[in-house]
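A quick write-up on the structure given underneath.
Side-chain atoms are counted along with the backbone in the values below, which use heavy atoms only and exclude waters and symmetry mates. For this chain, numbers begin at 1 and follow the sequence in order. Please read all numbers here as calculations on a predicted model, not as lab measurements.
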Amino acid sequence: MNSYKIVRKQPLNPEITLMSIEAPLIANKAKAGQFIILRVDEKGERIPLTVAATDKNEGSVTIIYQKVGASTMQLDTLNEGDCLHDFVGPLGTPTKIDGLKKVAVVGGGLGCAIAYPIAKALHEQGSEVDLIAGFRNKDLIILEDMMKNASTRLHLCTDDGSFGFHGFVTDKLRELIEAGNKYDEVFAIGPLPMMKFVCKLTKQYDIKTTVSMNPIMVDGTGMCGGCRVTVGGEMKFACVDGPDFDGHQVDFDEVIARNASYKEFEAQQKAHFCNLRGEIHG
Ligand code: FES
């Protein structure tokens, strides 16, 4: 039986953790934009996560996750030396980067964990890369040194102005475009509203834009339907057909509305179970 040993675990901020796992076959094959699916134990849920980095010498794959639900909380109970039950990949289509001379890569929050490997691959092939990374405040900034090394210029932005550029990533991107930077393509990865507004902006300037719909994946298997997205009027699945899509063709309003209804349903279920627990124990 394979064992996928955790060789590194490092908190990046109070919500986000970096973990490197021994998986030499995946480390040899994975390309920017691809993802893995892991399970903590036999009964664990499948968790799809982007390959944030690979180290072929160490034979390791690095993932970055946010502690948001039961599965990622369970993952976070493991430590260096512990093993994962499953670690499968690389999955998904690699990001297309060939021939691009000058690009802007835009990441928002945890999306920077996906923006980073794309920026790095572009930078390594010799593209000029403006990497724009946005966070709510300075305490939430992650991967600063890694992003600096993976770009020509790193533009850190915070919503509250506590570090770097005061404003949203779209404000910074507009500033760079209006300053005369001519991008062959823009890549955007982050919360759905952020990607929507990046695409609205780049459409005005007619700049090709690729978005990663990785953030809406649920189990990564093509069966749960959670990652459905309409692209150019056609139904696609982020985990099968993506995760990258032409941002100007994605129906963001539909995905945002569906995600909001899932969240509402989740909140209702949570409230229902809390009430039930209160009745049972109260
Ligand atoms: Fe379940 Fe794509 S994540 S179908």
Side-chain angles (χ1 to χ4, degrees), residues 1-9 12 15-54 59-95 109-111 113-114 116-117 189-192 211-229 235-245 255 258-259 261-263 265-267 269-270 273:
M1 185 177 136
N2 291 320
S3 82
Y4 302 103
K5 192 159 91 180
I6 298 166
V7 292
R8 190 170 305 103
K9 182 183 177 189
L12 298 179
E15 297 168 6
I16 297 176
T17 304
L18 174 152
M19 201 178 250
S20 300
I21 290 96
E22 208 172 73
L25 296 179
I26 303 177
N28 268 328
K29 274 180 75 180
K31 293 205 163 65
Q34 291 189 293
F35 65 97
I36 55 88
I37 296 179
L38 67 82
R39 279 196 308 163
V40 172
D41 59 31
E42 219 174 329
K43 294 192 179 134
E45 279 182 345
R46 292 179 173 80
I47 312 177
L49 288 167
T50 298
V51 174
T54 54
S60 68
V61 173
T62 297
I63 51 169
I64 294 175
Y65 60 89
Q66 186 166 20
K67 292 170 266 177
V68 279
S71 299
T72 40
M73 297 280 189
Q74 190 195 7
L75 174 62
D76 205 57
T77 61
L78 301 183
N79 289 306
E80 287 175 10
D82 292 338
C83 290
L84 300 175
H85 187 270
D86 281 337
F87 196 78
V88 179
L91 302 163
T93 314
T95 302
L110 184 64
I114 304 172
Y116 163 72
I189 309 101
L192 293 168
V211 292
S212 170
M213 298 307 279
N214 192 308
I216 64 165
M217 286 204 272
V218 180
D219 66 359
T221 63
M223 289 186 287
C224 74
C227 68
R228 287 189 325 277
V229 54
M235 173 76 73
K236 302 276 182 191
F237 286 79
C239 64
V240 177
D241 307 302
D244 291 350
F245 294 107
V255 195
R258 201 174 62 234
N259 263 42
S261 67
Y262 285 160
K263 287 211 174 99
F265 178 71
E266 255 175 32
Q269 293 291 305
K270 211 167 159 190
F273 285 115

**Request:** Could you tell me which non-hydrogen atom of Leu192 sits nearest to which non-hydrogen atom of Met213, and how far apart they are?
**Result:** CD2-CE, 3.8 Å

**Message:** I'd like to know if the side chain of Asp82 reaches the main chain of Asn79, judged simply by a donor and an acceptor atom lying under 3.5 Å from each other, with no hydrogens or angles considered.
**Reply:** yes

**Heavy-atom neighbours of Lys31 NZ exceed 12 at 6.0 Å** = no

**Fill in**
To the nearest 0.5 Å, atom CE of Met19 lies from atom CG of Leu84 at 6.5 Å

**Prompt:** How far apart are the closest heavy atoms of Arg258 and Cys227, and which atoms are they?
**Reply:** NH2-C, 4.2 Å

**Message:** Using every non-hydrogen atom in the two residues, find where Pro117 and Ala52 come nearest and quote the distance to one decimal.
**Reply:** CB-O, 3.5 Å

**Request:** For the pair Val51 and Ile36, evaluate side chain to side chain contact (heavy atoms under 4.5 Å, CB included) and give the outcome as yes or no after the intermediate values.
**Result:** CA-CA 7 Å; Val51 174; Ile36 55 88; 3.8 Å; yes

**Request:** Would you mind listing every side-chain hydrogen bond (donor to acceptor under 3.5 Å, both in side chains) that reaches into residues 39-50, with sequence neighbours excluded?
**Result:** Arg39-Asp86, Asp41-Gln74, Glu45-Ser71, Thr50-Asn214

**Among Cys83, Ser20, Ser60, side-chain contact (heavy atoms from CB on, under 4.5 Å) partner for Lys5** = Cys83

**Asked** Atom CD1 of Ile114 and atom CG of Leu49: how far apart are they, to the nearest 0.5 Å?
**Response** 9.0 Å

**Asked** Side-chain contact, heavy-atom cut-off 4.5 Å: Thr54 with Ile26?
**Response** no

**Asked** Under the side-chain contact (heavy atoms from CB on, under 4.5 Å) test, which residues partner Leu91, sequence neighbours left out?
**Response** Phe35, Ile37

**Request:** Kindly indicate, with the supporting measurements, whether the criterion side chain to side chain contact (heavy atoms under 4.5 Å, CB included) is fulfilled by Thr17 and Lys9.
**Result:** CA-CA 7 Å; Thr17 304; Lys9 182 183 177 189; 3.9 Å; yes

**Prompt:** Shortest non-hydrogen contact from Ile189 to Ser212?
**Reply:** CG1-CB, 3.7 Å

**Message:** Assess the residue pair Ile21 and Ile63 against the criterion (side chain to side chain contact (heavy atoms under 4.5 Å, CB included)); give the C-alpha distance rounded to whole Å, side-chain angles, the decisive distance to 0.1 Å, and a yes or no.
**Reply:** CA-CA 8 Å; Ile21 290 96; Ile63 51 169; 3.7 Å; yes

